[in-house]
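Each ligand, and each atom within it, is numbered from 1 in the order the structure gives.
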Amino acid sequence: MKILTIVGARPQFIKAAPFSTEVRRRHTEVLVHTGQHYDVNMSDIFFRELGVPEPDYHLDAGGGSHATQTAKIVAGVEAVIIKESPDLVLVYGDTNSTLAAALAAAKLHVSVAHVEAGLRSYNKCMPEEINRCLTDHASSVLLCPSKQAVGNLAREGIHRNVYDVGDIMLDVLRKSAPQIAASRVLQKERVVEGKYLLATVHRAENTDNIDNITALLKSFGETEVPILFPLHPRTKKVIHANGIKIPSNVKPIEPLGYFDLMCCLKHAHKVLTDSGGLQKEAYWVGTPCITLRGETEWVETLAGGWNTLVGVDSGRIADALRAPTPTRDREDVYGNGTTAAQCVTILERFLESHSA
Ligand code: UD1
């Protein structure tokens with residue numbers, strides 16, 4: 001089979017690593033980088049570190065408004081599909097690249113497989129929620145990370161070719177254990193195991209609203225604990241353009257590579273984040289997560305107090321920082337780290353049954 005895989009943003013490069021390895025054992029993969037993320041430390045480092053193959057096509061569709069970016073990717077992916085005639089187009093997650101590629105494929109009657117299908121925040125103000133809902137409804141194979149996600153799709157009438165395959169990011173985390181253990185990032189950033197916090201902020205709801213990003217940084221300054229703050233380019237731009245003050249205990253640093261970020265996460269006292277991926281990764285490595293949003297797609301992580309939703313409320317952030325470390329065991333709700341292999345088998349069967 002010939003699969004056209006679409007990546008464009010940081011979390012997708014990470015998710016692509018195990019799938020590309022697995023699918024290329026037996027089949028042909030054509031990899032398209034939309035260019036949504038283009039900085040060295042937002043893109044190239046992940047290809048290098050995780051061994052993601054060199055993209056066959058680069059669409060250079062980074063920057064611009066949502067509509068401009070999405071439109072450029074739709075047109076770019078359409079041209080590649082026409083040239084390559086793949087059996088199937090595979091998309092990851094919930095970014096503009098995901099939706100744009102799914103749309104281009106579905107309109108050309110090429111089947112779409114969606115990895116990380118069925119997630120919902122039920123907050124339509126999030127661009128990611130629009131992207132994931134529409135992608136699921138345009139997809140022919142829905143590869144869900146949890147039972148909850150399967151249930152979400154069922155409530156929207158999507159029942160066919162829906163599979164609970166676990167989370168592909170767990171494949172990456174398990175495989176990367178030696179490199180994460182070998183990271184020297186704590187020494188480099190001069191922080192001591194268990195005695196610092198990790199923080200990341202990049203969601204539009206927090207960065208496009210100056211009051212929210214200002215309030216978050218002010219709350220970060222109300223603890224004396226050092227905070228490592230890898231800055232997403234979107235967040236950096238907003239902080240600089242508006243002259244927002246960074247408190248003295250907060251250390252802004254460039255975005256980290258995967259191994260260094262996982263090492264920082266594993267050894268942090270707690271993590272404060274609005275990222276989806278980090279909520280799960282925190283759960284897997286056993287670091288309590290404080291989510292700077294009002295809702296989460298990863299509802300399983302809330303069990304036993306391992307993840308706490310606080311929005312941008314300074315009182316709730318302070319309470320969550322003071323809360324004792326949870327003691328309840330974490331359940332294996334996102335599979336067992338074999339998601340990539342399961343996905344390839346499912347796609348083989350799907351294409352066999354459709355060519356018969
Ligand atoms: C995107 C995804 C989000 C995902 C996140 C991971 C959408 C709607 N959002 O958000 O789901 O969790 O990626 O990081 O697709 N920029 C740079 N350098 C880069 C990349 C971006 O300077 O390498 C700038 C862009 O020019 C833009 C801003 O950062 O001004 C935001 O980039 P954008 O692609 O819109 O999405 P993210 O905020 O990164």
Taking 4.0 angstrom as the limit and counting only heavy atoms of [X], give me the atoms of ligand 1 inside it, by number and element.
X	answer
Lys237	24 (C), 25 (C), 26 (O), 27 (C), 30 (O)
Asp39	17 (C), 18 (N), 19 (C), 22 (O), 23 (O)
Thr95	2 (C), 7 (C), 11 (O), 15 (O)
His202	4 (C), 5 (C), 6 (C), 12 (O)
Asn96	7 (C), 8 (C), 15 (O)
His66	8 (C)

Option of least heavy-atom distance to atom 13 (O) of ligand 1 (set: Arg132, His37, Gln12, Arg234): His37
Cationic tip of Arg330 above Trp306 ring, under 6.0 Å, 45° of axis: yes
Ring center gap for Phe13 and His33 short of 6.0 angstrom: yes
Under 3.5 Å between some N or O of ligand 1 and some N or O of [X]?
X	value
Gln36	yes
Asp94	yes
Ser97	no

Candidate pair Ile227 and Lys251, rule side-chain contact (heavy atoms from CB on, under 4.5 Å), full reasoning: CA-CA 6 Å; Ile227 301 185; Lys251 184 177 181 193; over 6 Å; no
Heavy atom of the protein closest to atom 26 (O) of ligand 1 (residue, atom name, distance): Tyr38 OH, 2.9 Å
Short N-O contact, Arg48 and Glu54, less than 4.0 angstrom: no
Pair Asp171 + Lys15, salt bridge at N-O below 4.0 Å: no
Flag, side chain of Gln12 to backbone of Ala9, donor-acceptor distance under 3.5 Å: yes
Ile317 side chain near Leu292 side chain, heavy-atom distance below 4.5 Å: yes
Ligand 1 versus [X]: contacting region, heavy-atom distance under 4.0 Å:
X	value
Met42	side chain
Pro11	side chain
Glu128	side chain

Over 12 foreign heavy atoms within 6.0 Å of NZ, Lys107: no
Distance (rounded to the nearest 0.5 Å) between Glu222 CD and Asn249 CG: 10.0 Å
